[in-house]
K.L.:
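Right, I'll just put the structure down here and ask away after.
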Protein chains: 2
Amino acid sequence: MQAPLGTSVIAKVGLVLRTLGTTDTAGATTSAVARDTGLPRPTTHRLLTDLADQGFVDRNADTGRWHLGPELYLLGTVAAARYDVTGHVRDVLADLAEQTGESAYFSVLRGRETVCLAECEGSFPLRSHVLYEGIRFPLGVASAGLALLAHLPGSEARDYIAATDLTTRWGRSHSRHALRSRVSATLERGYSVNPGLLVEGSWGLAAVVFDRAGRPRSALTLTGVRSRFTDERIPTLGRMLLDRAHLLSRHG
Amino acid sequence: MQAPLGTSVIAKVGLVLRTLGTTDTAGATTSAVARDTGLPRPTTHRLLTDLADQGFVDRNADTGRWHLGPELYLLGTVAAARYDVTGHVRDVLADLAEQTGESAYFSVLRGRETVCLAECEGSFPLRSHVLYEGIRFPLGVASAGLALLAHLPGSEARDYIAATDLTTRWGRSHSRHALRSRVSATLERGYSVNPGLLVEGSWGLAAVVFDRAGRPRSALTLTGVRSRFTDERIPTLGRMLLDRAHLLSRHG
DNA sequence: CTGATTATGTCCACTGAGCGGACATGTTGT
DNA sequence: ACAACATGTCCGCTCAGTGGACATAATCAG
């Protein structure tokens with residue numbers, strides 16, 4: 001997807017930084033950032049060097065790979081005073097991971113995306129690594145994205161589905177029809193189920209945390225390998241997620 | 001100070017975000033951000049609204065004041081995996097505050113500035129509020145800035161002092177001559193003393209934390225009212241700071 | 001309540017910051 | 001050694017970004 005003519009520098013900065021925020025810990029090459037943002041490589045190169053001058057990105061001198069920079073950490077620390085929501089969450093994630101053996105995650109709603117902010121690895125030796133801190137998905141994708149979409153006010157969810165084509169990037173399993181079915185099923189159960197739609201064999205369940213106004217703002221997720229998500233076990237895991245999510249809704 | 005012709009958009013973004021990062025929790029008006037960054041008000045307005053579109057800043061709808069935005073918190077959380085240095089620090093600050101009654105702070109070196117990242121309030125009812133999370137000072141200013149400057153390699157410190165005029169913003173007490181004297185005194189004692197140079201009556205002491213390569217990277221500070229920083233007490237406080245700083249140097 | 005002061009939002013003619021295809025050079029993998 | 005991939009830089013072009021000016025709104029002092 002190419003940045004259209006007229007995209008402002010600040011919008012491009014947003015693209016680049018979010019891309020680096022989603023990249024795994026090894027960092028990203030200049031070409032990879034260009035590819036993932038849809039920006040021409042010289043443009044990407046120039047943006048990255050200007051951002052590095054300001055401390056917003058850092059470049060590993062040995063590998064040439066780019067990372068989010070120290071200045072973002074510093075500003076993020078200041079911003080945490082207003083937005084930090086993970087204080088109590090980590091205890092909840094640890095508890096979920098311990099009791100279920102699966103890995104537990106916490107993601108927040110940001111516009112029309114979810115961002116994974118915290119995780120706690122489960123004890124079971126077979127684990128899914130589809131989720132990690134920083135990863136972003138559009139609404140409707142992954143169990144958190146599905147749970148959050150389902151709990152948006154009806155008109156907002158319908159408008160979003162009507163206006164969004166997820167199949168290009170996420171495949172035919174994310175058609176509008178399939179999405180509507182999954183939204184209905186999620187509302188019926190109270191929690192979402194992702195039956196390996198992103199990576200085959202990697203299953204996930206998620207329940208929504210609401211803000212004081214009753215709007216969905218974040219989600220708790222459990223993920224693991226398919227064999228651990230039996231028809232018998234799913235309702236148990238779902239209920240645990242709903243219980244913990246409800247606790248967080250009340251604490252927020 | 002006006003941003004010169006040719007200042008890139010990204011450099012302006014850096015100015016604006018750092019300014020908001022330094023602003024107190026009530027936030028800043030558009031005009032205040034313009035004044036503090038030296039940018040024309042329409043330019044500042046446009047940068048702020050573009051940054052808000054990306055989630056990098058937020059505007060309080062009631063007061064019209066700007067704050068660092070949720071996206072910085074999110075990216076900062078991801079960046080913390082690489083740059084977070086406060087994990088053990090908060091225990092050390094809590095210990096210092098408890099044992100001395102003064103407020104304890106942790107600041108890191110960022111280029112030629114210090115940034116305060118963590119604090120723990122002391123129990124003594126009279127407290128200084130000159131320092132807070134997010135505040136930045138140039139090297140040589142405040143006890144942390146002085147301690148860090150003093151512990152830079154000799155040539156770097158000398159070059160910095162020769163090239164930097166701190167008197168414009170910080171007054172004649174920050175002349176080059178005065179700075180050199182304070183640097184010498186700091187090296188002799190091992191810790192710096194700020195005898196109310198920023199705000200009369202607000203005193204501070206700081207000791208440097210070194211990285212594995214032996215370079216100064218951060219500082220611990222104790223601040224309080226002048227009456228609590230007697231000739232008898234200063235060496236005791238200084239030694240405690242040096243002890244804790246040494247502990248952190250080894251842990252890092 | 002009024003006038004002064006301060007703040008904000010927007011306009012738009014102007015221009016230089018930012019652009020990206022092309023080329024040169026470097027690195028990596030087979 | 002060669003192909004493939006990656007990076008760094010150039011520079012003519014152009015439109016994104018600029019900021020003084022103006023209108024409007026909000027706040028404050030008397």
Side-chain angles (χ1 to χ4, degrees), chain A residues 1-69 71, chain B residues 1-69 71:
Chain A
M1 177 72 71
Q2 193 113 11
L5 186 69
T7 303
S8 70
V9 170
I10 286 176
K12 289 168 183 168
V13 164
L15 272 176
V16 168
L17 292 180
R18 273 188 279 273
T19 292
L20 286 178
T22 303
T23 294
D24 70 29
T25 50
T29 62
T30 306
S31 296
V33 176
R35 193 170 55 241
D36 293 346
T37 57
L39 296 167
R41 199 184 44 75
T43 301
T44 304
H45 183 267
R46 199 177 46 255
L47 289 170
L48 285 166
T49 55
D50 284 356
L51 287 166
D53 288 345
Q54 299 302 312
F56 291 127
V57 304
D58 223 5
R59 192 175 202 183
N60 183 316
D62 294 330
T63 66
R65 289 169 163 259
W66 300 93
H67 304 267
L68 292 179
E71 203 61 31
Chain B
M1 175 75 70
Q2 194 113 9
L5 185 67
T7 302
S8 70
V9 169
I10 286 176
K12 289 169 182 167
V13 163
L15 271 177
V16 168
L17 293 180
R18 273 187 279 273
T19 292
L20 286 178
T22 301
T23 294
D24 71 29
T25 51
T29 62
T30 305
S31 296
V33 175
R35 195 171 53 241
D36 293 347
T37 57
L39 296 167
R41 199 185 43 76
T43 301
T44 304
H45 184 267
R46 200 177 43 256
L47 290 169
L48 285 166
T49 54
D50 284 356
L51 287 166
D53 288 345
Q54 299 300 313
F56 291 126
V57 304
D58 224 4
R59 192 175 202 183
N60 184 317
D62 294 330
T63 64
R65 288 169 165 262
W66 299 93
H67 305 268
L68 292 179
E71 204 60 32

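Every heavy atom of this structure was used, including side-chain atoms; hydrogens, water molecules and symmetry mates were not. All chains are named by letter (A, B, ...) in the order of the sequence lines, taking the proteins before the strands, and each is independently numbered beginning at 1.
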K.L.:
What pair of heavy atoms forms the shortest contact from B:A34 to B:R41, and how long is it?
P.N.:
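Heavy atoms only, the tightest pair is CB-CA, 3.9 Å.
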K.L.:
When rounded to the nearest 0.5 angstrom, what is the spacing between CG in A:D36 and CG in A:L39?
P.N.:
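That separation rounds to 10.5 Å.
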K.L.:
Any base atoms under 4.0 Å from B:T43, or only sugar-phosphate, or nothing? Heavy atoms, all strands.
P.N.:
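Counting heavy atoms under 4.0 Å across all strands, the contact made by B:T43 includes a base.
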K.L.:
Rounded to whole angstroms, how far apart are CG on A:L48 and P on D:dT7?
P.N.:
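For the pair A:L48 CG and D:dT7 P, the rounded distance is 10 Å.
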K.L.:
Whole angstroms only, please: what is the CG-P distance between B:L39 and D:dG19?
P.N.:
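Result: 8 Å.
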K.L.:
Check A:T44 against A:T30 and note the closest heavy-atom contact, atom names and distance.
P.N.:
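Minimum heavy-atom separation between A:T44 and A:T30: CG2-O, 3.8 Å.
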K.L.:
Please check the phosphate of D:dT18 (OP1 and OP2 only) for any side-chain N or O of B:K12 closer than 4.0 Å.
P.N.:
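Yes.
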K.L.:
A side-chain contact here means heavy atoms from C-beta on lying under 4.5 Å apart; do A:L17 and B:F56 qualify?
P.N.:
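Result yes, sub-4.5 Å side-chain heavy-atom pair found.
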K.L.:
Just how far, in rounded Å, is C1' of D:dT9 from CG of A:L47?
P.N.:
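Going from A:L47 (CG) to D:dT9 (C1'), I get 16 Å.
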K.L.:
Could you state the CG-P distance from B:D50 to D:dG17, rounded to the nearest angstrom?
P.N.:
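Computing the B:D50:CG to D:dG17:P distance gives 7 Å.
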K.L.:
Any idea which heavy atoms bring A:V33 and A:A28 closest together, and the distance?
P.N.:
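Smallest interatomic distance, heavy atoms only, reads CG2-CB, 3.7 Å.
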K.L.:
Counting primed atoms plus P, OP1 and OP2 as sugar-phosphate and everything else as base, spell out the protein contacts along nucleotides 3-13 of chain C at 4.0 Å heavy-atom distance: B, S or - for each nucleotide, 5' to 3'.
P.N.:
----SBBB---
K.L.:
Hey, does B:Q54 have a side-chain heavy atom less than 4.5 Å from the side chain of A:V13?
P.N.:
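Result no, sub-4.5 Å side-chain heavy-atom pair not found.
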